[in-house]
S.K.: 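Below you will find the structure I want to go over with you.
Only a predicted model underlies this, so the values are computations on that prediction, with no experimental measurement involved.
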Amino acid sequence: MSQPEQHRGRWRPRLDRPAVVALLFGVAGVVYRLVLTVFTVPVSNSDEATFGLAALHIGQGRERPVFLYGQHYMGMVESYLAAPLVAVAGPSWPVLRLPMLALYALFLYLIHRLTRRICAPWFATFVVGLLVLGGERVVRDQLTVVGGRPEVKPAVLVMLLITVGLAAGTIHRRRLAVTAFGLLVGLALWSDWLILPYLAVAGLALVWAVRRELLGWSGLLLVAGVAVGVAPMIVDNLRAGPGDDSLSVFREVSTKAGPLPPWSDRIRGGLLEGVPLAHGLCPVDGCGRWQQWFGVLYPVLLLAGAVFAALAYRRAARPRGEQTSRAAAGLRGARVGPVVQLALVVGAALTLLSYVRSPLAATSPLDNARYLSVLQLSLPAVLWPLWVVAVACWRGTVGALGRLTGALSTAVLAALTATALLITVLFATTGTAASRTEERQARELAAALRANGPHQVYGDYWTCNRLIFNTDETVVCGVLDGDLSPGQNRYLPYWRQVGRAERPGYVTEVDSPMDRRLRRLLADRADAAPVREVGGYRVYHPDTPVRPWR
């Protein structure tokens with residue numbers, strides 16, 4: 001990425017041409033996402049508001065949550081990162097999302113460094129260029145504070161870079177590096193269990209690189225680092241009651257009652273919808289047939305990536321007669337690139353297999369494609385065979401069959417780039433209007449209630465916590481389902497506070513099931529009770545509370 005340049009006694013990095021182009025791509029990607037962050041695009045929601053409220057409570061010293069309010073399996077790293085900013089600037093969506101933007105920039109830097117180490121400089125630039133692009137599905141996973149994915153992807157890249165450095169001998173404080181590896185494993189495990197396949201393959205790559213060292217102090221330090229990183233989860237689970245531990249809760253939310261959709265439907269949903277969506281090749285409302293080609297090709301690319309890695313590993317054979325420890329270390333340094341490539345291929349395959357085992361891959365592929373966003377980690381290994389064949393074709397070092405294969409590879413890379421660019425441009429030019437309209441309506445509602453009340457209200461899940469965050473807890477909201485029964489109240493003190501109110505209000509979306517049910521219960525009082533419409537919502541404030549669950 002850079003070469004040291006001595007200038008008047010000072011060391012300065014000198015970027016080569018591929019690194020300069022990658023830097024320009026990265027700056028463009030960060031600026032693009034900064035603009036989206038300023039305008040709160042993609043739109044906020046109550047899941048994100050729950051993380052924001054936790055950040056507010058952490059910054060005020062009121063709470064020290066281990067898991068997201070109301071559940072016991074998703075860590076709160078993102079809330080802790082945002083807490084200092086929210087404490088200083090107050091709750092706002094751009095402030096809450098700024099750490100996610102920083103994590104995205106770090107992700108670009110790390111994947112560029114790793115790709116240069118295990119592949120080639122210009123290919124690393126190409127990968128950065130692809131990751132700079134992003135339609136709504138991609139930028140939503142990168143910018144919104146909904147847990148897990150923005151922080152675990154950089155963590156995995158750092159682990160793999162540590163493995164490469166240890167195998168190549170470029171890291172001198174080896175025990176410290178191994179400890180850092182373990183700490184990142186623990187933090188990633190606490191943050192989001194969906195990263196488990198990548199943690200497993202990164203761990204195996206580390207064992208391959210320093211297996212002898214792990215038999216001594218390094219192994220103990222690795223275990224200690226994992227224990228420290230995952231300590232918050234362990235302590236919380238030890239205190240949890242029966243059935244409230246992370247494994248039990250995660251198993252419950254991952255298992256849906258009813259017949260399991262056939263494998264064909266789940267594979268179709270995972271490959272034809274999930275994979276293209278996760279790589280920014282489709283709009284958020286689904287993939288057309290012409291956009292599903294990458295999902296069809298993806299298993300072939302995984303297989304090709306594994307074959308290329310295996311062949312590169314074999315080509316880096318030990319020279320005859322070289323049996324010294326220095327020769328062995330040099331061999332590990334030559335082979336670590338293919339090992340990491342293979343790890344990324346296997347990580348992607350295991351992630352995809354885990355996803356298609358779930359019925360959600362068939363029943364709700366659009367909503368759940370976000371669970372495949374970690375596949376971006378494997379983009380270098382997946383596209384590397386196409387790049388190698390295309391470059392060989394253009395250099396003229398292959399025969400007629402090679403030239404044909406190279407032309408096809410070039411066409412695939414060009415189609416991938418063009419499709420991602422098209423989806424990005426469409427989203428940036430025409431796809432942000434709906435988000436900005438919805439965000440404006442939510443802020444109008446918050447401003448109206450903050451100024452004129454009521455300050456204790458009931459509403460649906462997707463209204464409540466966003467309303468609380470937008471009003472800096474001036475308005476407190478209790479969650480009801482559409483039939484006016486108690487809903488998913490993640491933070492129970494809010495529910496209790498509204499429950500104690502003598503005259504709570506009700507906030508419903510116009511003509512929603514909750515709106516119609518409330519009007520039926522109010523009967524003749526519906527028109528007599530103070531009612532006003534604000535930004536697509538109706539605000540009721542009856543003289544006597546309506547609490548049918550009591």
Side-chain angles (χ1 to χ4, degrees), residues 73-74 107 111 114 118 141 148-160 163 181 184-209 226 230 246-247 250-251 253-255 260-261 263-279 294-310 313 336-362 365 368-385:
Y73 63 90
M74 182 171 288
F107 168 69
I111 202 166
L114 180 67
I118 67 175
D141 291 329
R149 295 172 294 278
E151 66 267 25
V152 296
K153 290 191 289 186
V156 170
L157 292 173
V158 172
M159 293 178 214
L160 294 176
T163 300
F181 188 105
L184 289 171
V185 169
L187 289 173
L189 188 60
W190 167 39
S191 184
D192 191 349
W193 288 15
L194 293 174
I195 203 64
L196 273 172
Y198 282 96
L199 297 183
V201 296
L204 290 175
L206 179 72
V207 170
W208 172 87
V226 174
V230 81
S246 299
L247 187 60
F250 188 77
R251 187 187 299 117
V253 300
S254 301
T255 305
L260 190 67
W263 271 101
S264 58
D265 291 345
R266 285 178 279 155
I267 292 174
R268 186 181 303 111
L271 288 179
L272 301 188
E273 294 283 352
V275 170
L277 275 167
H279 289 86
F294 188 67
V296 176
L297 191 61
Y298 198 76
V300 180
L301 294 177
L302 287 178
L303 180 60
V307 171
F308 267 63
Y313 187 88
V336 69
V339 168
V340 171
Q341 289 176 13
L342 185 60
L344 291 173
V345 168
V346 175
L350 292 176
T351 298
L352 192 56
L353 178 62
S354 175
Y355 178 73
V356 298
R357 288 181 68 248
S358 169
L360 296 175
N368 294 282
R370 64 186 185 275
Y371 298 129
L372 292 178
S373 68
V374 294
L375 293 181
Q376 291 178 345
L377 287 167
S378 297
L379 202 59
V382 170
L383 299 184
W384 178 235

S.K.: Kindly write out the residues that satisfy side-chain hydrogen bond (donor to acceptor under 3.5 Å, both in side chains) with Asn368, not counting sequence neighbours, or none if the list is empty.
M.R.: Ser364

S.K.: Between Gly295 and Pro276, what is the shortest heavy-atom contact and its length?
M.R.: N-CG, 4.0 Å

S.K.: What's the shortest heavy-atom distance between Ser373 and Arg149, and which atoms?
M.R.: OG-CD, 2.8 Å

S.K.: Once side chain to side chain contact (heavy atoms under 4.5 Å, CB included) is applied, do any residues pair with Leu297, and if so which ones, sequence neighbours excluded?
M.R.: Trp293, Val300, Leu301, Val412

S.K.: Which word best sums up how the rings of His279 and Tyr298 line up, parallel for under 30°, tilted for 30 to 60°, or perpendicular for over 60°?
M.R.: tilted

S.K.: How many angstroms lie between CE in Met74 and CH2 in Trp190, if you round to the nearest 0.5 Å?
M.R.: 12.5 Å

S.K.: Just to verify, what does Glu273 make a side-chain hydrogen bond (donor to acceptor under 3.5 Å, both in side chains) with, not counting sequence neighbours?
M.R.: none

S.K.: Does the side chain to side chain contact (heavy atoms under 4.5 Å, CB included) test come out yes or no for Leu372 and Leu277, once each step is laid out?
M.R.: CA-CA 9 Å; Leu372 292 178; Leu277 275 167; over 6 Å; no

S.K.: Pair up each side-chain donor or acceptor in residues 338-355 with any protein partner under 3.5 Å, not counting sequence neighbours, and list the distances.
M.R.:
{"residue": "Gln341", "atom": "NE2", "partner": "Ile118", "partner atom": "O", "Å": "2.7"}
{"residue": "Thr351", "atom": "OG1", "partner": "Gly347", "partner atom": "O", "Å": "2.8"}

S.K.: With a 4.5 Å cut-off on side-chain heavy atoms, are Leu271 and Val296 touching?
M.R.: no

S.K.: Taking all non-hydrogen atoms of both residues, which atom of Lys153 and which atom of Val374 are closest, and how far apart?
M.R.: CD-CA, 4.1 Å

S.K.: Could you pull out the closest heavy-atom pair between Leu189 and Leu199, with the gap in Å?
M.R.: N-CD1, 4.1 Å

S.K.: Among Leu114, Val152, Val156, Leu160, find the one that has a side-chain contact (heavy atoms from CB on, under 4.5 Å) with Leu377.
M.R.: Val156

S.K.: Holding to side chain to side chain contact (heavy atoms under 4.5 Å, CB included), I want the full list of residues that pass it with Pro150, two or more places apart in sequence or in another chain.
M.R.: Glu78, Met100, Leu103

S.K.: CG of Leu272 to CD1 of Ile267: how many Å apart, nearest 0.5 Å?
M.R.: 10.0 Å

S.K.: Could you tell me which residues satisfy side-chain hydrogen bond (donor to acceptor under 3.5 Å, both in side chains) with Arg268, sequence neighbours excluded, listed by chain and number?
M.R.: Asp265

S.K.: Nearest heavy-atom pair of Gly269 and Pro365: which atoms, and what distance?
M.R.: O-CB, 3.9 Å

S.K.: Who pairs with Ser378 by side-chain hydrogen bond (donor to acceptor under 3.5 Å, both in side chains), at least two apart in sequence or on another chain?
M.R.: Tyr198

S.K.: Say whether, by atom type as modelled, one donor and one acceptor occur between the side chain of Arg266 and the main chain of Arg357 under 3.5 angstrom.
M.R.: yes

S.K.: Checking Leu206 now: which residues fulfil side chain to side chain contact (heavy atoms under 4.5 Å, CB included) with it, not counting sequence neighbours?
M.R.: Thr163, Leu166, Phe181, Val210, Leu222

S.K.: My understanding is that only residues two or more places apart in sequence, or in another chain, count here; which of them pass salt bridge (Lys or Arg N to Asp or Glu O under 4.0 Å) with Arg370?
M.R.: none

